[in-house]
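Everything on this sheet refers to the single structure shown next.
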Amino acid sequence: MALKIPNVVFRNGASIPALGLGTWNSPPGQVTQAVKDAIDVGYRHIDCAHVYENEHEVGAGIAAKMAKGTVKREDLFVTSKLWNTYHRPDLVQGALQVTLRNLNLKYLDLYLIHWPVAYREGDVLFPLREDGKRVHFSDVDYVDTWPAMERLVDAGLVRNIGLSNFNAKQVQRVLDVARIAPVTNQIECHPYLHQSSLTEYCIKQGITVTAYSPLGSPARPWVKQDDPVLMQDPVVLKLASKHAKTPAQILIRYQHQLGHVVIPKSVSRERIASNAAIFGFELDREDLRQLTALERNGRICPESFSFGHRYHPFEEEFRKGRR
């Protein structure tokens, strides 16, 4: 029997499964099977993005399970994200249509602006400058992109819209112009980077936090040999031993108890199943205190290509030497 995953309710009354399958940095050729395995385990929430370049594999996995009768479209919650090169309002619907074709779907349950920074328009995902370190920017303001996102809802192509990697000031700028308010802000969140002031702000505004990289993304492409490994942290290991759980289960459960939607990534059926087995135990107050105390401002995804962009969401903290 498939695991039953509880839902979180958005400000607009729509529901999203509290646990989803992340697909960023999943090895090519393995994503279709991972999606099929996740659906068999009980996942109904799949998180995608155009820039991950694997939405066609996600779509194949979904199609296989729908054809088999395991799930119907209405059973699933599929998220994707508008990439930085398509912020210009006239490009937004076309970008979504590419994603829908790749996923072989008629609508998305949630569509996010992936980053507040806009890149030079075109189909090159990272239009690099001559130095190869930064991208060519576009001057499109994300508050001008937002009405185009709202029109996707009006057209029935998207059920909900939201943000990703926006800081509090940027979220507020969207709220100030929004006819349809964002339902979530998807941000990096784990014990080495809580982003507590941002999450508190979002909660106050009725915006659900979705936590990505909850395990510290140990396989990220730019990891350094001396970078701390969250799942090997002594506190995490001690709590895993205390509860007879894996380090990953402790970290995912932590996000769940914070009230966040959480989207761990894996392509291993065993780990996909293990990551979902977090609803039968609870971290106590002292456990939570110890995990909270691990804060080190350890941002994993700084989007360094965009340093210098007027809307880079984290550049101020890097200028202050926070890491």
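Of all heavy-atom pairs between Leu125 and Tyr119, the closest is O-CD1, 3.5 Å. When all heavy atoms of Val261 and Pro17 are compared, the pair lying nearest together is CG1-O, 3.6 Å. Among all heavy-atom pairs drawn from Arg73 and Tyr107, the shortest one is NH2-O, 2.9 Å.
Asn165 and Tyr212 share a donor-acceptor pair across their side chains, judged by distance under 3.5 Å alone. Judged by distance alone, the side chains of Glu55 and Thr99 do bring a donor and an acceptor atom under 3.5 Å apart.
Aromatic ring orientation, Phe281 versus His243: tilted (interplanar angle from 30° to 60°). Using cut-offs of 30° and 60° on the angle between ring planes, the pair His114 and Tyr52 is perpendicular. Ring geometry for Phe126 against Phe305 counts as tilted: the plane angle lies between 30° and 60°, on a 0 to 90° scale.
Contacts of Lys133 classified as side-chain contact (heavy atoms from CB on, under 4.5 Å), with partners at least two apart in sequence or in another chain: Asp131.
Using modelled atom types, one side-chain atom of Gln249 and one backbone atom of Ser274 make a donor-acceptor pair closer than 3.5 Å.
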Exercise for review: For the pair Asp47 and Gln186, evaluate side-chain hydrogen bond (donor to acceptor under 3.5 Å, both in side chains) and give the outcome as yes or no after the intermediate values.
Suggested key: CA-CA 11 Å; Asp47 183 84; Gln186 185 180 123; 3.0 Å; yes
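Aromatic pair Tyr86/His50: ring centres closer than 6.0 Å. Residues Tyr254 and His190 place their aromatic rings such that the two centres sit no closer than 6.0 Å. Between Phe314 and His312, a ring centre-to-centre spacing shorter than 6.0 Å is recorded. In this structure, Tyr142 has its ring center no closer than 6.0 Å to that of His87.
Of the inter-residue distances, the one linking Glu57 atom CD with Cys48 atom SG reads 11.0 Å to the nearest 0.5 angstrom. Atom CG of Leu112 and atom CE of Met149 lie 6.5 Å apart (nearest 0.5 Å).
With salt bridges taken as basic N to acidic carboxylate O contacts below 4.0 Å, none links Lys238 and Asp287.
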